[in-house]
There are 2 protein chains.
Amino acid sequence: MSLKAGRLFLSRLRKANILTVHRNQSKLASLHSDDVNYFITTLGPQRVKQDDLQSYNQDWLRLHSGQSKLVLFPGSTEDVSKILSYCDKKHLPLVVQAGNTSLVAGSVPDKDEIILSMGKMNKIEHFNDTTGVLQCESGCILENLESFVQERGFIMPYDLGAKGSCQIGGNIASNAGGIRFIRYGSLHGSVLGLEVVLPSGKILNMMSSLRKDNTGYDLKQLFIGSEGTLGVVTKVSILCPVKPDHKIVTFLAVDQYTKILDIMRSVRSEMSPYLSAFEMIDDETMDAVHTNLGLSIPFRSPFYVLFELSLSATCAEDRIEEQLHKMLEKYLDNGTITDGTISNDLTSLSKLWTIRERIAEALLADGKCFKYDVSLQHEHFYELVEVMRERLKLADVKRVSGYGHIGDNNLHLGITCDRKKDSDEIKKLIEPFVFEWIRDRNGSISAEHGLGQTKRNHIHFSKSSDVVAIMKQVKNLFDPNGVLNPKKMLPDD
Amino acid sequence: MSLKAGRLFLSRLRKANILTVHRNQSKLASLHSDDVNYFITTLGPQRVKQDDLQSYNQDWLRLHSGQSKLVLFPGSTEDVSKILSYCDKKHLPLVVQAGNTSLVAGSVPDKDEIILSMGKMNKIEHFNDTTGVLQCESGCILENLESFVQERGFIMPYDLGAKGSCQIGGNIASNAGGIRFIRYGSLHGSVLGLEVVLPSGKILNMMSSLRKDNTGYDLKQLFIGSEGTLGVVTKVSILCPVKPDHKIVTFLAVDQYTKILDIMRSVRSEMSPYLSAFEMIDDETMDAVHTNLGLSIPFRSPFYVLFELSLSATCAEDRIEEQLHKMLEKYLDNGTITDGTISNDLTSLSKLWTIRERIAEALLADGKCFKYDVSLQHEHFYELVEVMRERLKLADVKRVSGYGHIGDNNLHLGITCDRKKDSDEIKKLIEPFVFEWIRDRNGSISAEHGLGQTKRNHIHFSKSSDVVAIMKQVKNLFDPNGVLNPKKMLPDD
């Protein structure tokens, strides 16, 4: 075949738009002992694990189990590069695993993929205490980073319940949102640079400590929220905000959902420079926290609001507290709230936050928990919980719980049942109904948890087929052999 | 040739990594009268302009002129789709033009490309006065949007000197930074959704009014800062912050650069919840504003600092002002500043901001202005201006000016000369020296202005060749025939 003929054929393929379709269908291979030997020789035996892999194969919600026979622990970017380049050549599939706290089974194998466990790459490389820019390896645990920067007068721009075990690389791969989102915004804004290894083994150095850099496409953005399907994030450069000097947490009892919106509106307009969290919890959820974990709740009510103000030294804390007290008195008088408490000392602050942060654990303690992480406009936000409660009232579920980052329109819907119950039966009652309901109200079926394994085939409820088609082309561009996190995020054809 | 043979050839091409190299080299066509007739028939004669195109062909700095013979004014997304699909089929190149305020000649033709002028697509489609989410067409002028949302208690998350003529679509294509960046961050964080037309004519609906949506790759991010080379942004959804109730602007005279850093550190640590701008200006720049525009300057000094605090009603403005006055007194006593003024009324605020906002115009009034928009760590920030002044002291330049968003490490370096001077001669003294100097200090050669025509072949000073190679593959994926903004942003091979 002449070169010219080849080009012509190529151009016909392009026109028919079928160029990329074939790329990802190359057959994936299975692991052989030769492969294991290669990794032992290349990385050293201490970086290769073949036994006791249950905790690596099992997702946090205990709903999905993989059958991986091999976990690798790279110690450097070069290790990652060698592993990826080998796997790509051999068409061996991998799943990248950070803290394995995914709520959509995004970090456990679908089948028997090799697990790339990033936790050994946990060095903090640099911190600039003028600009607040932190540079570290991707396996650093969020809580460790938080302590490190706090000691230097800064905080991480996001905070999650899973902070004790989740890793920054996983946070970036899943575009984590969390509690401080309302104040410091998305990781698309605060991540300044990444180092990423592509399946080919090529190391893309996009590490920057600059806030502004408009030299070409901002490729790092593609990796934020790509759930490890395009490349492996090995290093991160992130902008940390100045640590507030004081925090004030207000916890309120509210008897009707719409009153939460009234409170939010006035807090937003009056306190916006300080507002660092605005959360809601319903009493079904609070009951799980109280009953399953034994935490004490200051008062009980159909709904709870928890909002936090972060203040610097010059913020006239006394006046703001005075203002808050006045607001609460007014709310008590006019029936907007039925009870409330304001905390400004670390111990009581932390007690209130613990209630919020341990909800996921409390719900899981019911047995099984089906989690839906949803973006919805406020007029539909809690309606979804009520609709699901009505729909499931005759089903054998324990609890339909609603809580979340209402300040960011982000609801967490949790439906729990006994551990022994048949998942499929309950799931059929929930899905696809819940997704259709969200789609019909222009919501997102995944606000911050991502799609992983459990939601990937529902992407069409939130994204058009044209957009999904482009996503697949992007995947093909970066991972032509489809070795990275197969059966994650992107839907089947 | 059999299908199988074609695939094999394709796979060899992929392996050799030359697949994408050929795509963009398809020959671009020239405009014929048939094409013009097609546009007249399809869009109507009032949307097709063939005479008096000088202002569309000439860039804002008057350093580059294109020779376009045709300007099209689409009135809808469908118009854009028809135009792009036609041009793509015919391999007719286009340049997308918003307000034509690019400082890197990014919005004027390289040769005779058709100009797609977006200003007729200027409808505001929706505003949610609870969430602050604005949805509009991409041809809306920034200042009009600012007024619109201000009337509803919000502000745009960015502010630029060019606001009177620049359009939101151009701001997004160039990932505009500007004055409020220090407070509200990057457009990568505040843009919630886009509608984009691809060269094929396909309309990608990625419009969302949700703050959180983790359903697949965040493709809209690719278009932010892509300088119109991947697709045409037709609609925008953007998050607007709550409008502050008060502003306080402090303007200081400082005699040494390092003292600016001292002031910045203390303002940042004490006033961070309120800080909405932190700018520096040197006296060479101020002289241009005073001499060329006749604006009066409150006092003169080697350097000036201008910082703004944005306060809501509950912010105890009196206390903050008191604090500011104390700070200034201390600074006067210890020699950190030599003079200063604090303004909190709209008239004097606006006078101070006018000085800052009219700098670009003032420098251009010298004749010609070579602009460099640079990110640098603070230890090197002003050093660059001094180095260039020393280097050019014997050259026939009028002025070497330094100013910019120092709070974001973003310096604007302006070198002016007489209108009649030979550009090439002076440019040779500046480039590539200036880019090498920035590269050696890990800076960015374009912080917020982009690469356009003037900087595109210097991208290697800020991005590795591996990263640039991927950018070209991304370009090929979206624009296989290379019709969109040729010779912009991406370097020659």
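Just the heavy atoms: all of them, side chains too, but no hydrogens, waters or symmetry mates, feed the values below. Since the model is a prediction, treat every value here as computed from it, not as a measurement. Chain identifiers are assigned alphabetically (A, B, ...) following the order of the sequence lines, protein sequences preceding nucleic acid strands; residue numbering begins at 1 within each chain.
- A:Phe181 touches chain B through backbone and side chain together, each having a heavy atom under 4.5 Å away.
- Within the 4.5 angstrom heavy-atom criterion, only side-chain atoms of A:Leu198, from C-beta onward, approach chain B.
- Interface remark: of the candidates A:Ala316, A:Pro241, A:Ser464, A:Ala316 forms the most heavy-atom pairs closer than 4.5 Å to chain B.
- Taking chain B as the reference chain and counting heavy-atom pairs below 4.5 Å, the highest number among A:Ser444, A:Gly189, A:Pro491 is found for A:Ser444.
- Between the side chains of B:Gln377 and A:Thr131, no donor-acceptor pair is found at a separation under 3.5 Å.
- Using a 4.5 Å cut-off between heavy atoms, A:Ser269 touches chain B through its backbone atoms (N, CA, C, O) alone.
- Across A:Ser312 and B:Pro273, no two heavy atoms sit closer than the pair OG-CD, 3.4 Å.
- A heavy-atom distance below 4.5 Å is not found between the side chains of A:Ile224 and B:Asp218.
- Across A:Asn214 and B:Asn175, no two heavy atoms sit closer than the pair OD1-ND2, 2.9 Å.
- Interface residue A:His405: only side-chain heavy atoms are found under 4.5 Å from chain B.
- Heavy atoms of A:Leu451 lying under 4.5 Å from chain B belong to its backbone as well as its side chain.
- Note that OG of B:Ser375 is 10.5 Å distant from CZ of A:Arg211, once rounded to the nearest 0.5 Å.
- In this structure, B:Val242 and A:Ser272 approach most closely via the heavy-atom pair CB-OG, 4.1 Å.
- Between B:Lys463 and A:Thr215, the side chains place a donor N or O and an acceptor N or O closer than 3.5 Å (distance only, hydrogens not considered).
- With a 4.5 Å cut-off on side-chain heavy atoms, B:Asn205 and A:Val467 do not count as touching.
- With a 4.5 Å cut-off on side-chain heavy atoms, B:Thr130 and A:Arg265 count as touching.
- Considering CG of B:Asp213 and OG of A:Ser186, their distance stands at 11.5 Å, rounded to 0.5 Å.
- The candidate with the highest count of non-hydrogen atom pairs below 4.5 Å against chain B, out of A:Met264, A:Lys243, A:Gln221, is A:Gln221.
- Distance check: A:Leu210 CG to B:Leu376 CG gives 8.0 Å after rounding to the nearest 0.5 Å.
- Among B:Leu187, B:Leu261, B:Asp408, B:Asp373, the residue making the largest number of heavy-atom pairs under 4.5 Å with chain A is B:Asp408.
- With a threshold of 4.5 angstrom between heavy atoms, B:Arg456 does not approach chain A through any atom at all.
- Judged as a salt bridge (Lys or Arg N to Asp or Glu O under 4.0 Å), and not counting sequence neighbours, A:Asp129 has no contacts.
- A 4.5 Å side-chain heavy-atom check between A:Tyr217 and B:Met489 finds at least one atom pair inside the cut-off.
- Between the side chain of B:Asn410 and the backbone N or O of A:Lys212 there is no donor-acceptor pair closer than 3.5 Å.
- With respect to chain B, the highest number of heavy-atom pairs below 4.5 Å among A:His378, A:Glu227, A:Gln323, A:Met206 belongs to A:Gln323.
- Heavy atoms of A:Asn409 lying under 4.5 Å from chain B belong exclusively to its side chain.
- The contact between A:Asn128 and chain B is made entirely by side chain atoms (from C-beta outward), counting heavy-atom distances below 4.5 Å.
- Top candidate by heavy-atom pairs under 4.5 Å with chain B, chosen from A:Gly185, A:Gly216, A:Gly450, is A:Gly216.
- Chosen from A:Ile445, A:Ile320, A:Ile470, the residue pairing most often with chain B at heavy-atom distances under 4.5 Å is A:Ile470.
- Of all heavy-atom pairs spanning A:Arg319 and B:Asp318, the tightest one is NH2-OD2, 2.9 Å.
- Interface residue A:Glu448: backbone and side-chain heavy atoms are both found under 4.5 Å from chain B.
- Heavy atoms closer than 4.5 Å to chain B are found in the backbone of A:Ser174, but not in its side chain.
- Among B:Gly225, B:Ser310, B:Ser226, the residue making the largest number of heavy-atom pairs under 4.5 Å with chain A is B:Ser226.
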